[in-house]
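A short write-up of the structure that comes next.
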Amino acid sequence: MMPDDDLVPETFDDVPERSGRCLIVGVGASAGGIEALEGFFRGMPSLPGLGIVIVTHLSPWRESVLHEIVSRFTDLPVEVAADGHAVAENHVYVLPADAVVGIRNGILVVQRQGADQRERHPVDIFLSALAADQGEHSGGVILSGGDSDGTLGIKAIKEHGGITLAQVANGDGPQHPEMPSSAIATGYVDFGVPSHEMGDKLVAYRRSLSMTDAILTGGGPDEAGRSPDALRGEIYAILRAQVGHEFGGYKTKTFLRRVQRRMQILQVEAVAAYVERLRRDPAEVSALFRDLLINVTTFFRDADAFAVLSERVIPKLFEGRGADQTVRVWVPGCATGEEVFSLAILMLEHMETLSAVCRVQIFATDIDEHALGVARTGRYPEQLLDGVSPERRRRFFVRDGASFVLTKPVRDLCIFSPHSVIRDPPFSRLDMVSCRNLLIYFGLSIQNQVLPTFHYALKPGGFLFLGMSENLSQFADLFAPIDKKHRIFRSRADHATEPRVPLALSGLRAMSQIGDLRPRQSGSSSLALRHSVEVQVLERFSPPHVAVNRQGDVVYYSNRTGKYLEAAPGLPTRQLLTMARKGLRLELRAAFREAVDTNAQAVREGLVVEGDDGRVQIVTVTVEPLVAQRSEEPLFLVLFSDEGPSISREAAQKRSVSAQDEVALQLERELRETRERLQSLIEEYETALEELKSSNEELVSVNEELQSTNEELEASKEELQSVNEELYTVNAELNGKVEALDRANTDLHNLFASTDIATVFLDAKLVIRSYTPAVTEIFNILPSDRGRPITDFAGRLTLPNLAEDVAAIMRGSDTIERQIDRGKDAARFLVRLAPYRNGENRIEGVVVSFMDVTVLARAEMSQRVLVAELQHRTRNLLAVVQSIARQTLGTGPAVEGYAERLKALGRV
């Protein structure tokens with residue numbers, strides 16, 4: 001059996017670019033898939049130019065004839081997928097019953113499995129491998145099925161730039177919509193269409209793959225003369241204007257790939273046409289924005305941030321915690337759970353170092369219940385585990401076929417539930433909130449609601465962990481930075497704010513308007529006077545009383561009840577019958593039960609209560625239902641009325657002797673009532689016992705079923721792993737490049753500050769991109785002027801041919817040098833124009849340097865004057881010599897020859 005690592009390439013970058021390769025489409029189906037496949041192939045053109053791989057849920061115990069069934073629906077060759085088959089254009093491959101399939105460099109990798117190793121998510125396995133292997137030349141189709149299989153695969157296809165489709169209801173299905181509905185709920189499906197319309201969508205996408213390659217290769221200007229860079233700048237501006245996010249710092253190649261993908265989906269061939277589409281269609285701007293925000297979701301995404309979290313935050317969460325205390329963490333927008341389980345792994349790693357371990361609860365919430373279902377199973381394809389180190393894989397994951405399952409200790413820390421961070425009330429008393437890459441999807445108004453909600457939910461000093469693209473610049477009064485680079489903050493304990501908790505009813509007024517609901521006082525004081533009188537009368541003249549519920553728990557006390565009630569020894573209690581004094585307890589119990597059963601008034605007279613001073617008080621107890629109450633639970637009013645003043649114990653004994661006969665009769669009557677009530681209770685007990693036995697048998701049966709279900713769930717949970725090491729590696733490389741870029745930027749900044757050569761960097765439209773400080777001596781430029789044309793500024797030099805020279809440079813001309821005089825002070829500058837080339841050696845602008853050569857020019861002029869003066873004096877001297885020679889030697893050939901030689905010296 002082949003190792004699982006052979007199912008996919010190590011990284012997507014390892015796959016060589018193959019010109020002319022076909023679009024490979026993975027089709028996932030389960031229950032009801034035959035009818036869906038029939039519709040899929042009935043709507044497929046005869047020669048679509050696609051390679052199609054069908055992955056279904058098949059029983060490993062019987063031979064599959066799916067390939068024969070599919071061959072009835074299409075004229076394309078249909079084969080059973082075999083290991084080593086290269087996916088060919090216009091061919092269909094069907095997964096065998098006892099295997100899982102992957103792909104590497106366009107070649108199928110089939111791994112046989114035993115009956116006891118059945119892979120429950122084969123669609124996720126193949127689509128994830130297809131996405132990593134083929135990138136934008138991959139397609140994912142989810143048809144009818146009764147599971148969430150395919151959800152992670154569709155997500156992988158979308159993240160790698162492929163096309164995704166899911167079947168929606170029409171007259172022909174899907175019969176079981178769970179699989180396509182789960183995929184659609186993730187938001188990663190490009191087209192939700194009936195199965196018979198999918199063929200045309202896939203063929204149109206395949207054709208568009210070759211039409212938009214010019215986006216990545218640069219291309220020339222459009223009909224209006226706009227360069228690719230200018231068009232990209234227009235897209236940046238549209239996104240900035242409509243969604244409020246700046247993508248100018250986005251990696252250019254990644255940005256263009258996302259734009260290219262949207263053009264392929266819409267079948268738009270020219271970038272200029274797509275820019276016009278963005279101007280007209282705000283919905284397309286939102287779609288492009290969502291595509292730009294798609295990132296490969298992995299465990300321990302931004303590994304350095306998680307490392308800082310593990311070192312600086314996790315230990316503080318456990319400081320001073322006993323075994324009976326709990327660490328509470330909330331992860332809103334948890335999606336399919338990778339971030340949640342990453343935090344759980346960090347928690348477990350730290351808990352292993354502690355002697356006394358407290359409880360940990362990680363509340364993971366999302367509005368997508370399908371994604372929560374995927375997260376609860378804790379099972380991921382190996383392709384999604386790139387960010388997990390081999391050591392962590394060994395400790396916290398269990399391999400099951402081509403998938404990995406999180407161990408039970410990790411899953412036990414996590415509680416998944418549906419919850420909207422915008423609409424639903426938040427959790428409270430939290431130690432940490434981890435909300436990474438969720439706020440970027442919200443507008444400013446929603447962020448202004450959500451961030452104070454997080455502050456309300458956190459304990460004072462609690463931690464907030466955000467994504468690398470998010471910040472708290474507007475809420476510095478609520479959170480203090482712990483590590484600003486990795487977006488770790490702490491809730492300020494010294495700032496009390498009004499909690500802006502989401503309300504269930506949108507029509508409720510804001511908290512600041514609650515004061516309007518208070519009753520207004522009238523100008524007269526009659527109501528206040530009446531209230532004061534009634535309060536005083538009730539306090540002084542009303543009998544002591546309490547209000548109790550049906551269980552006998554006191555919910556309200558009046559004044560002066562201590563004469564009849566006293567605190568019982570032991571734990572504090574509100575039970576009326578437990579607190580009643582000795583002489584009241586029996587009769588009070590009977591009266592209370594009578595009032596509850598009949599819902600009418602019950603009275604007991606002549607009850608004897610012995611006070612703390614040894615005197616005796618005769619009391620009448622009245623129990624009656626409380627009317628005009630607002631509570632849904634029925635309440636009862638118990639009143640204690642004294643019958644005359646208290647008397648001594650001797651007087652009470654004399655009165656008791658005279659009343660013995662009456663008391664005896666009363667006791668017999670109570671005994672008879674008690675016996676009747678006891679018999680009734682025995683009968684009720686026997687009936688309840690029978691019901692309890694029946695319920696117990698049912699519970700035993702249900703428990704056995706739950707145990708069986710739990711075992712199946714454990715097996716299911718141990719099948720959901722995925723791969724994220726590629727992102728970890730890329731992220732490490734990216735961090736290295738970022739550090740190198742920071743050093744380069746620092747060096748460049750110091751170079752700019754130290755050089756005396758005025759240099760300005762312009763694009764093709766003469767817009768200032770950057771400049772050295774020395775430029776300010778020539779042009780009145782401020783740091784805020786970056787992005788403005790240089791022609792907008794009045795300079796000390798006149799550059800009449802600047803636009804023509806820049807155009808010549810952009811056309812490929814070499815360096816151009818010109819000397820320009822500044823009129824007022826006769827200063828002279830050497831202006832040098834050179835092409836600005838990017839990393840791909842394409843000309844993107846012009847570098848203009850201004851060198852002050854005034855001193856050099858003046859030196860040259862002085863040199864010419866001195867040379868001329870020297871030549872003049874030399875000629876005069878030679879003329880004198882010539883004259884002396886003639887006068888001395890006379891005339892003759894020798895003298896004339898000598899004179900000619902002197903003339904020649906004078907001409908030098």
* Start with the C-alpha distance between Phe396 and Phe299, add both sets of side-chain angles, then the distance that settles side chain to side chain contact (heavy atoms under 4.5 Å, CB included), and finish with yes or no. => CA-CA 12 Å; Phe396 302 109; Phe299 287 85; over 6 Å; no

[atom1]-[atom2] distance between [X] and [Y], expressed to the nearest 0.5 angstrom:
X	Y	atom1	atom2	value
Ser286	Leu278	OG	CG	10.5 Å
Asn90	Met44	CG	CE	10.0 Å
Leu152	Leu127	CG	CG	10.0 Å
Ile52	Thr74	CD1	OG1	7.0 Å
Thr365	His419	OG1	NE2	6.0 Å
Ile107	Asp83	CD1	CG	9.5 Å

How close do [X] and [Y] get, heavy atom to heavy atom, and via which atoms?
X	Y	result
Ala81	Pro96	O-CD, 3.7 Å
Ile34	Phe73	O-CE1, 3.9 Å
Val189	Gly192	CG1-N, 4.1 Å
Ser128	Gly153	OG-CA, 4.0 Å
Asp200	Pro45	OD1-CG, 4.1 Å
Val268	Ala273	CG1-CB, 3.8 Å

Under the 3.5 angstrom rule, does the side chain of [X] hit a backbone N or O of [Y] as a donor-acceptor pair?
X	Y	value
Ser71	Glu68	yes
Tyr93	Ala88	yes
Ser138	Gly135	yes
Arg411	Leu406	yes
Arg42	His196	no
Asp149	Asp124	yes
Asp281	Ala283	yes
Glu89	Gly51	no
Asp133	Ala129	no

* To do: Show your working on side chain to side chain contact (heavy atoms under 4.5 Å, CB included) between Gln167 and Ser144 and close with a plain yes or no.
  => CA-CA 7 Å; Gln167 184 182 6; Ser144 174; 3.9 Å; yes

* SB check Arg262 Glu284 (cutoff 4.0 Å) ->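 Judged by the 4.0 Å cut-off on N to carboxylate O distance, Arg262 and Glu284 do form a salt bridge.
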
* Answer yes when Arg436 and Asp302 have at least one side-chain N-carboxylate O distance shorter than 4.0 Å, and no when they do not. =>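 Result for this pair is yes, salt bridge flagged.
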
Excluding sequence neighbours, so at least two apart, what forms side chain to side chain donor-acceptor pair (under 3.5 Å) with [X]?
X	value
Glu38	none
Ser182	Thr151
Thr164	Asp190

In the structure I gave you, are the side-chain heavy atoms of [X] and [Y] within less than 4.5 Å of one another anywhere?
X	Y	value
Glu136	Tyr205	yes
Leu50	Cys22	no
Val168	Pro180	no
His67	Glu79	no
Val94	Thr56	no
Ile157	Ile163	no
Met198	Val193	yes
Val53	Phe126	yes

* Within 45° cone and under 6.0 Å: Arg392 NZ/CZ vs Phe300 ring ->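 Because its charged atom sits under 6.0 Å from the ring centre and within 45° of the axis, Arg392 does stack over Phe300.
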
* Identified side-chain contact (heavy atoms from CB on, under 4.5 Å) partner of Phe40 from the options Leu202, Val70, Ile54 ->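 Among the candidates, only Leu202 passes.
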
* Does CG in Asp75 sit with more than 12 non-hydrogen atoms of other residues, nucleotides or ligands closer than 6.0 Å? ->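 No, because the 6.0 Å sphere around CG of Asp75 holds 12 heavy atoms or fewer from other groups.
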
* To do: Go through Ile142 and Val123 one step at a time and tell me if the side chain to side chain contact (heavy atoms under 4.5 Å, CB included) criterion holds.
  => CA-CA 9 Å; Ile142 303 299; Val123 181; 4.0 Å; yes

* Asked: Would Glu338 and Thr336 satisfy side chain to side chain donor-acceptor pair (under 3.5 Å), going step by step from the backbone distance to the final call?
  -> CA-CA 6 Å; Glu338 290 90 340; Thr336 49; 2.7 Å; yes

* To do: Could you please spell out the steps behind the side chain to side chain contact (heavy atoms under 4.5 Å, CB included) verdict for Tyr236 and Leu231?
  => CA-CA 9 Å; Tyr236 289 157; Leu231 292 171; over 6 Å; no

